[in-house]
Amino acid sequence: MAILRIFAIFAHRINRCLNDVRYNNYCANIRFMTEEIFKDLCLCGETTKVQFKQAFTSQKEIAKEMIAFANSKGGVILFGVEDKTGKLVGLSYEQIQQTSRELGNAANEQVRPTIYIETEVVRIENKHFLVCSVEQGKNKPYKNLNGEIWVKQGADKRRITENAEILALFQDSGSYQTDAAGVDGTTLSDLDRYAIDDYLMKVYSISLDSLGEKAEQMMKNIHILNQTGKPTLAGYLFFGKHPEYNCPMYMVKAVSFFGNDLGGTQYRDTKEILGNMPQVYDKCMAFLKSNLHNIQEEGASFNTLGKLEIPENVLEEVLQNALIHRDLLRPAPIRIFIFDNRVEVISPGALAGGLTEEDIRNGKTYQRNPFMATFATNALHYRGIGSGIVRILAECPNVDIQNDCVGNEFKVTIFRGVLDTIQKDDFTIPKTEDTIQKKESTIQKDDYTIQKTEKTIQRGVDYSEGMVLKFFYEHPKATIDEAVDAIDELSLGGVKFIIAKLQQKGLLKRVGGRKHGEWVVCHYENNTK
């Protein structure tokens with residue numbers, strides 16, 4: 001049953017990811033479309049980025065497909081492939097020439113603004129196919145001559161009419177800044193004059209009083225007010241006296257749970273954190289610090305202050321990114337969840353500007369809310385140069401980043417280190433003892449019995465390391481991918497990182513090679529003085 005389960009998980013992952021991997025490799029340069037890649041795309045079926053057409057239908061219908069790709073993440077249309085089934089039918093020379101002409105006309109005449117496409121012919125088994133590649137557009141939203149806007153919805157497409165979705169496309173292209181919009185029902189009197197004064201003195205060395213009649217124009221110039229004198233959303237959220245009055249969902253909901261289950265009914269602490277952004281930032285940091293452990297460093301005296309189990313600068317970076325880069329078109333709160341084994345910070349809105357998880361890991365940045373970012377750069381610890389995630393991963397490698405485009409949210413999970421007491425079946429990691437004692441047990445291995453008398457493991461392992469040790473102790477022939485599937489809390493990168501740490505400590509080793517070998521949980525003694 002375990003083997004079947006693992007096979008099913010792998011099959012699901014392959015079905016979900018193969019098209020994206022192949023397509024992304026292909027999109028780097030259209031000339032890389034090989035026979036193997038083309039066959040793989042056809043075998044995996046239609047997806048958000050791959051569409052089949054046995055033959056050209058009409059310019060209007062094909063224009064809808066192009067529009068949906070350009071308004072989403074881009075994609076390819078494979079002509080000569082039977083719809084839904086992926087059967088390789090092929091096209092004649094005349095069909096290829098006609099389809100190429102019609103594609104060009106559709107992109108030029110049926111879409112506003114114009115979409116630029118690339119085409120090429122692929123030959124497989126003496127059959128020819130036409131590939132039309134549409135990149136993610138830079139001038140969203142794209143629409144047809146009737147003003148209809150289409151986006152991808154799984155393997156299909158859908159027409160959008162909601163203002164918020166249309167504005168999101170403008171925002172994604174950078175032609176609309178949500179944080180520059182005026183907040184209905186507010187005036188200058190809703191802003192905290194003292195907070196604005198502090199900001200102006202810090203950044204420009206001037207005060208509102210010194211500006212006199214020019215004070216309002218100054219606030220318009222730096223986008224605290226819009227041109228009609230109404231507070232911008234950025235100005236209201238950053239300098240408002242009570243932003244929750246007119247923007248009630250722009251808050252932070254923070255919960256510290258007992259255990260590791262989001263569905264748990266018991267909590268240590270919970271707060272709805274309100275106020276302007278500097279106030280919210282300070283209150284969130286206080287909540288995190290009060291619900292995380294301070295660990296006394298080895299050899300330190302009793303009176304020495306403990307070190308926060310998660311580095312404070314990591315918490316600062318994660319929190320500031322959530323506050324500044326949240327999608328202001330989504331009226332949902334930021335959520336902070338503290339569990340026994342991890343901290344989750346969930347921000348409304350997936351990555352904007354076409355960025356991927358890999359992009360932000362490599363330091364690329366896109367400022368969804370540029371005026372909020374400017375205020376934060378001048379008043380908080382934010383820098384806005386794309387190095388935040390890079391610094392987080394450098395300081396705390398066991399961090400998981402999830403960009404959920406379907407749920408439209410961005411989540412950062414930071415795994416915690418030493419806890420008071422962690423029970424995992426036979427493994428107990430006590431904070432106050434030096435070793436983990438595993439009682440005498442009998443482990444059945446096929447037709448023979450291995451007697452385990454006393455297994456001592458050095459105290460240095462944290463919760464995540466304990467989970468990995470336990471898994472490989474119980475499944476010595478398992479692969480790293482199987483460990484990732486079994487340990488839901490850890491990503492592939494997290495498991496690999498922990499394995500390297502355990503091998504360095506001498507707690508885990510691999511014997512017998514990659515293909516036929518197995519993992520051995522080793523006896524380890526502390527030789528440090």
Side-chain angles (χ1 to χ4, degrees), residues 1-22 40 43-44 259-262 339-342 344 357-358 361 393 397-404 411 413-417 422-429 436 438 441-450 452 455 457 460-524:
M1 291 299 292
I3 294 175
L4 291 175
R5 175 179 174 272
I6 292 169
F7 177 80
I9 291 172
F10 283 154
H12 172 71
R13 285 189 171 184
I14 292 171
N15 187 51
R16 181 183 63 185
C17 298
L18 183 56
N19 269 334
D20 283 346
V21 172
R22 293 294 192 186
D40 280 342
L43 285 172
C44 292
N260 300 313
D261 186 4
L262 181 60
F339 300 94
D340 286 349
N341 69 338
R342 69 193 186 278
E344 295 180 355
E357 294 175 28
E358 190 64 25
R361 288 177 185 272
L393 295 173
N398 195 19
V399 172
D400 189 46
I401 299 171
Q402 295 180 22
N403 182 41
D404 185 357
K411 180 166 74 172
T413 303
I414 311 168
F415 294 100
R416 299 177 65 179
I422 303 171
Q423 297 289 341
K424 277 291 180 180
D425 298 334
D426 292 335
F427 279 92
T428 304
I429 305 178
I436 299 170
K438 181 171 175 55
S441 61
T442 301
I443 302 173
Q444 299 295 331
K445 290 287 184 179
D446 298 331
D447 295 331
Y448 61 91
T449 302
I450 301 175
K452 289 289 181 181
K455 191 72 176 179
I457 298 176
V461 297
D462 60 21
Y463 174 78
S464 299
E465 293 169 343
M467 288 193 297
V468 173
L469 280 175
K470 179 179 183 300
F471 176 79
F472 285 124
Y473 178 73
E474 295 178 345
H475 309 89
K477 293 186 178 295
T479 65
I480 294 177
D481 286 333
E482 290 169 355
V484 175
D485 291 329
I487 307 172
D488 294 335
E489 293 94 333
L490 297 179
S491 64
L492 176 61
V495 171
K496 288 182 177 179
F497 175 76
I498 291 171
I499 288 174
K501 286 175 62 179
L502 293 173
Q503 289 176 324
Q504 187 176 13
K505 291 179 179 180
L507 291 174
L508 184 68
K509 69 178 181 180
R510 181 77 179 179
V511 297
R514 176 183 296 182
K515 191 171 183 180
H516 301 292
E518 63 180 41
W519 299 96
V520 176
V521 177
C522 308
H523 179 77
Y524 177 77

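For clarity, every value in this text was computed on a predicted model and none was experimentally measured.
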Distance (rounded to the nearest 0.5 Å) between N341 CG and I414 CD1 =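 Output value for this atom pair is 12.5 Å.
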
request  = Report the distance from atom CD1 of I480 to atom CZ of R510, rounding to the nearest 0.5 Å.
outcome  =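 So the gap between those two atoms works out to 8.0 Å.
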
request  = Not counting sequence neighbours, which residues clear side-chain hydrogen bond (donor to acceptor under 3.5 Å, both in side chains) with D400? List them please.
outcome  =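 Q402.
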
For K477, salt bridge (charged side-chain N to carboxylate O under 4.0 Å, His left out) partners two or more places apart =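 For K477 the salt bridge (charged side-chain N to carboxylate O under 4.0 Å, His left out) partners, ignoring immediate neighbours, are E518.
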
What are the two closest heavy atoms between [X] and [Y], and how far apart are they?
{"X": "F339", "Y": "L262", "result": "CE2-N, 3.6 Å"}
{"X": "E357", "Y": "N403", "result": "OE2-N, 2.9 Å"}
{"X": "M467", "Y": "I487", "result": "CE-CG2, 3.7 Å"}
{"X": "F471", "Y": "A486", "result": "CE1-CB, 3.4 Å"}

ask   = Quick one: does L502's side chain get under 4.5 Å of F472's, heavy atoms only?
value =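 No, too far: nothing below the 4.5 Å cut-off.
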
ask   = Is the backbone of A478 close enough, under 3.5 Å, to the side chain of W519 for a donor and an acceptor to pair up by distance?
value =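 Yes, W519 side chain to A478 backbone: donor-acceptor pair under 3.5 Å.
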
message = Tell me which one of V521, L469, V520 satisfies side-chain contact (heavy atoms from CB on, under 4.5 Å) with L507.
response =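 By the side-chain contact (heavy atoms from CB on, under 4.5 Å) criterion, L507 pairs with just one of V521, L469, V520: L469.
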
